[in-house]
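Accompanying notes for the structure given below.
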Amino acid sequence: MQNDARHAALFFITELVAVVCNLLYTWYYLNANPVCYTFGIAGPLIFGVLCYSRKIYAEILLQAVYVAMAAYGWLSLGQGWQEQRWTGATHLILIAAGTLAVIGAGKWLSAKTDARLPYLDSTTTVFGIIGTWAMVNYIHANWLYFIGINALSVVLYTRRKMYLGGLMYVLYFMMAIDGYFRLQWFSL
């Protein structure tokens with residue numbers, strides 16, 4: 001019993017550190033501060049371990065992609081922090097390809113693992129990768145992807161009893177709205 005309490009406390013503290021790092025990444029990103037990438041590497045590394053322990057397997061891949069994308073963003077920062085745009089056709093292709101990837105990944109997770117929420121897990125992962133690619137390439141519409149992803153992630157994390165993660169995604173949802181509409185709720 002005491003071991004369970006220690007494990008729960010350690011999990012909570014680890015989740016809190018991951019949440020703080022991840023929120024700092026987005027907050028600094030919203031403020032165009034390159035220090036964001038330090039937190040964009042640390043937070044997902046920690047969260048990946050936590051996702052494994054809660055059997056949210058596709059999210060582990062997403063956390064690894066977040067680490068790689070943060071490194072890419074950091075390395076490509078020399079080009080400046082200039083906003084870009086994708087065409088509507090590009091978005092449609094990405095959404096169609098993403099939907100097919102969600103179906104395939106969800107089926108695979110259902111058949112090959114003990115994942116608890118395979119399609120929801122796959123949806124947040126696939127579209128999280130697309131949104132993150134847009135984010136590190138300074139595509140303003142990344143925020144639209146993240147509005148949807150973050151709403152779904154609140155459900156995913158709270159259903160897996162990762163309540164701090166769920167709260168983080170509530171804040172991410174608000175940050176995505178802020179980022180897209182330039183409301184400056186999280187400005188320095």
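Being a predicted model, the structure only gives us computed values, none of them experimental.
Both L144 and W185 are members of a single hydrophobic cluster when ILVMFWY side chains are connected at heavy-atom separations under 4.5 Å. A continuous path of Ile, Leu, Val, Met, Phe, Trp and Tyr side chains, each step under 4.5 Å between heavy atoms, connects V19 with V155, placing both in one hydrophobic cluster. Following chains of ILVMFWY side-chain contacts shorter than 4.5 Å, one can reach Y72 starting from V35, so the two form part of one hydrophobic cluster. V67 is connected to F39 through a chain of hydrophobic side-chain contacts under 4.5 Å among Ile, Leu, Val, Met, Phe, Trp and Tyr, so both are in one cluster. L183 and M135 end up in the same hydrophobic cluster when Ile, Leu, Val, Met, Phe, Trp and Tyr side chains are linked at under 4.5 Å.
Counting heavy atoms from C-beta on, the side chains of K161 and F11 never come closer than 4.5 Å. Counting heavy atoms from C-beta outward, I56 and M162 have side chains that approach closer than 4.5 Å. A 4.5 Å side-chain heavy-atom check between L156 and E59 finds at least one atom pair inside the cut-off. Annotation: side chain of N31 is in contact with side chain of S187 (closest heavy-atom distance under 4.5 Å). Contact annotation: the side chain of T26 never approaches that of F146 to less than 4.5 Å [non-hydrogen atoms, C-beta and beyond]. Y57 has its side chain within reach of K55: a pair of non-hydrogen atoms, C-beta onward, lies under 4.5 Å apart. A heavy-atom distance below 4.5 Å is not found between the side chains of Y145 and T132. When side chains are defined from C-beta on, L10 does not count as touching H7, because their heavy atoms never get closer than 4.5 Å.
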* Can you list the steps and then say if F47 with L62 is a side chain to side chain contact (heavy atoms under 4.5 Å, CB included)? -> CA-CA 10 Å; F47 238 100; L62 180 59; over 6 Å; no

* Show the numbers, then the answer: is there a side chain to side chain contact (heavy atoms under 4.5 Å, CB included) between S153 and F173? => CA-CA 9 Å; S153 293; F173 178 78; over 6 Å; no

* Asked: L152 and F127: side chain to side chain contact (heavy atoms under 4.5 Å, CB included), yes or no, with the steps?
  -> CA-CA 11 Å; L152 291 173; F127 285 99; over 6 Å; no

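A distance of 8.0 Å separates CG in N22 from CD1 in I46, rounded to the nearest 0.5 Å. Atoms CD1 and OH, on I149 and Y169 in that order, are 9.0 Å from each other to the nearest 0.5 Å. Atom CD1 of I129 and atom CE of M69 lie 7.0 Å apart (nearest 0.5 Å). The CE atom of M175 sits 10.0 Å away from the CG atom of N150 when rounded to the nearest 0.5 Å. Interatomic distance, Y172 OH to L167 CG, rounded to the nearest 0.5 Å: 11.5 Å. The distance from atom CG of L50 to atom CG of L45, rounded to the nearest 0.5 Å, is 11.5 Å.
The nearest pair of heavy atoms linking S76 to V136 is OG-O, 4.4 Å. Here the shortest heavy-atom pairing between V154 and G166 reads CG2-O, 3.7 Å. Contact record, W27 with F186: NE1-O, 2.7 Å, taken as the closest heavy-atom pair. When all heavy atoms of G128 and Y66 are compared, the closest pair comes out as O-CE2, 4.0 Å. When all heavy atoms of S122 and L109 are compared, the pair lying nearest together is OG-CD1, 3.4 Å. What you find for I60 and C51 is that their closest heavy atoms are CG1-CB, 3.9 Å.
Donor-acceptor pairing under 3.5 Å is recorded for the side chains of T87 and T90.
The residues R160 and E15 are annotated as not salt-bridged, no charged nitrogen and carboxylate oxygen being separated by less than 4.0 angstrom.
Other residues, nucleotides and ligands contribute more than 12 heavy atoms inside 6.0 Å of the CD atom of Q84.
Remark: the backbone N or O of Y138 is not paired with any side-chain donor or acceptor of N142 at under 3.5 angstrom. Remark: side-chain polar atoms of N137 are not paired, donor with acceptor, to backbone N or O of I139 under 3.5 angstrom.
Under a cutoff of 6.0 Å and an axis angle of 45°, R54 and Y157 do not form a cation-pi pair.
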